[in-house]
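Beneath this line is the structure, given in structure tokens, with notes to follow.
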Amino acid sequence: MAFDFDLLVLGAGSGGVAASRRAAVHGARVAIVEGSRVGGTCVIRGCVPKKLLMYAAQLGEGFAQARGYGFDVGDSHFQMPRWAASKATEIDRLEGIYRKMLAGSKVELIEGWARITGPNTVQVGERTFTAQHLLVATGSSTVRDSIPGIEACATSDDLLDLQHLPSELAIIGGGFIAVEFASMLARLGPKVSLYYRDRLPLRGFDEMLRTAAASALQAAGVELHPGSAPLRVQQADGGFLLVLSGDRVRDFPWVLNATGRRPNTEGLGLETLGITPNDQGAIFVDDEHETSAPNVYAIGDVTNRINLTPVAIAQGRAVADRLFGKGSRQMNWAQVASAVFMLPPIATVGPTEAQALAAGHRLKVFETDFRPMKQAFIEGHERTHMKLLVDADTDLVLAVHMLGADAPEIVQSLAVALTAGASKADFDNTVAMHPTAAEEFVLLREVSRLAPTTT
Ligand code: NDP
């Protein structure tokens with residue numbers, strides 16, 4: 001049977017675009033279907049606008065710091081409409097680049113919502129297309145049924161499209177999105193209350209980072225409510241009531257639902273291929289990203305594994321290389337670095353201390369915690385926290401965890417060292433670059449702790 005395309009990709013987010021372009025480079029005839037804007041969550045309503053808002057929050061802090069550095073600084077106020085207009089222009093520019101890249105790679109962009117109607121067949125509106133291989137890269141969206149009534153609350157998509165910030169708001173959740181927005185918004189004007197159900201935010205991160213994150217949020221003026229997820233949310237007087245345990249009620253004019261994201265699998269027609277998403281809505285794939293249906297692949301958030309843009313991109317390229325390039329390529333997911341863009345930011349690569357211990361490692365733990373030079377000069381309170389986990393038997397550095405200025409930039413580079421199998425002796429043999437914060441990672445000589453502790 002002659003197909004219209006060799007590969008048809010569902011979803012023009014970062015993963016889908018990367019896969020389609022790589023397949024086209026290999027000579028495949030490729031189409032990509034998108035019902036919303038080209039660029040997906042990361043570019044249009046996620047990583048990119050979020051980081052632009054983080055820069056605004058950081059600059060706001062900079063005005064206060066500038067005084068300490070000798071500047072006369074007048075009153076400064078964040079004007080959300082100006083940020084929103086510039087953000088819209090920038091996102092349009094980036095979407096334009098994505099569209100041009102697809103066209104330049106000879107990938108056909110089909111605009112509309114895709115529905116799989118059978119093996120090799122996809123319907124978009126009134127049109128039907130056939131392809132030898134299908135790649136599902138439809139991403140994820142905010143969970144709206146985590147708490148009764150939460151469906152009426154705003155999501156991070158809504159927040160990033162606001163023209164004016166509310167004066168006060170509650171954020172429900174303690175993960176990436178909750179922490180990043182709490183940290184930024186508290187610096188941009190609103191009074192922020194953060195409700196999360198564990199004792200610390202950022203479940204899954206190293207304990208040191210979670211504790212430091214809570215302190216940093218508190219220092220920024222965020223009202224923390226650990227162990228405190230609302231039982232339900234009610235709309236009232238143009239705002240919301242959070243109904244908490246013990247008959248407590250708090251009202252807020254605005255509430256952000258940051259209780260996680262769910263794969264976008266509904267309405268895709270996966271059942272026509274015999275693919276049944278799991279109870280989180282995720283598509284199961286094997287190590288080669290192939291689903292249970294022949295010639296159907298899935299990458300990125302829709303598979304709900306490591307939900308990060310660079311991972312989706314790497315997965316997409318791996319699928320394209322396997323299908324149209326030089327054969328199979330296995331990815332190494334053990335050393336994926338990630339960052340939480342709060343202020344100061346978190347960055348991490350490798351297991352948490354608890355995970356390393358559970359995996360049977362005996363550990364040398366190196367930790368430091370200091371007030372960086374920039375802060376000390378202005379009598380600021382912000383601190384930098386660093387931790388290295390070293391296997392006590394092999395001397396291999398297993399993990400780097402950091403909260404502090406420039407943490408993502410520093411840890412991204414150290415991730416290369418970990419991928420290359422660096423030992424603590426390699427760190428010790430690296431000459432420091434002075435004066436930097438990063439040099440502390442090669443100057444950690446004293447073991448802070450042995451774990452498990454030998455008593
Ligand atoms: P996360 O999974 O990070 O966090 C979800 C939060 O919601 C957790 O604190 C969770 O609590 C809480 N939660 C879930 N259900 C309930 C409930 N019923 N009641 C109360 N609290 C609840 O999701 P996010 O939406 O923050 O982010 C989604 C994903 O997007 C991230 O996991 C990450 O992969 C990606 N992302 C990455 C970013 C980056 O790289 N910087 C930035 C933003 C997102 P608990 O921990 O107790 O389960």
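Order of appearance sets the numbers: ligands from 1, and atoms from 1 within every ligand. Residue numbers start at 1 and run along the sequence shown.
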Could you tell me whether the side chain of [X] and the main chain of [Y] form a donor-acceptor pair under 3.5 Å?
| X | Y | value |
| --- | --- | --- |
| W83 | L52 | yes |
| D301 | N304 | no |
| K87 | L53 | no |

Please give the N or O to N or O pairs under 3.5 Å between ligand 1 and the protein, distances rounded to 0.1 Å.
from     : atom 1 : to   : atom 2 : distance (Å)
ligand 1 : 3 (O)  : F176 : N      : 3.2
ligand 1 : 7 (O)  : A258 : O      : 3.4
ligand 1 : 9 (O)  : G174 : N      : 2.8
ligand 1 : 9 (O)  : G175 : N      : 3.1
ligand 1 : 11 (O) : R197 : NE     : 3.4
ligand 1 : 18 (N) : S146 : O      : 3.1
ligand 1 : 25 (O) : G260 : N      : 3.3
ligand 1 : 26 (O) : F176 : N      : 3.3
ligand 1 : 26 (O) : I177 : N      : 2.8
ligand 1 : 34 (O) : N307 : O      : 2.8
ligand 1 : 41 (N) : E180 : OE2    : 2.9
ligand 1 : 41 (N) : A339 : O      : 2.7
ligand 1 : 46 (O) : R203 : NE     : 3.0
ligand 1 : 47 (O) : R197 : NE     : 2.8
ligand 1 : 47 (O) : R203 : NE     : 3.2
ligand 1 : 47 (O) : R203 : NH2    : 2.6
ligand 1 : 48 (O) : R197 : NH2    : 2.9

To the nearest 0.5 Å, tell me how far S167 OG sits from W254 CH2.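 If we round to the nearest 0.5 Å, S167:OG and W254:CH2 are 12.0 Å apart.
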
Using 0.5 Å steps for rounding, measure from the CD atom of E34 to the CD1 atom of I110.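 Going from CD on E34 over to CD1 on I110, the span is 12.0 Å.
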
Where at least one partner belongs to residues 211-237, residue pairs that pass salt bridge (Lys or Arg N to Asp or Glu O under 4.0 Å), sequence neighbours excluded: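 Of all non-adjacent pairs touching residues 211-237, those that pass salt bridge (Lys or Arg N to Asp or Glu O under 4.0 Å) are K191-E223, E223-R250.
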
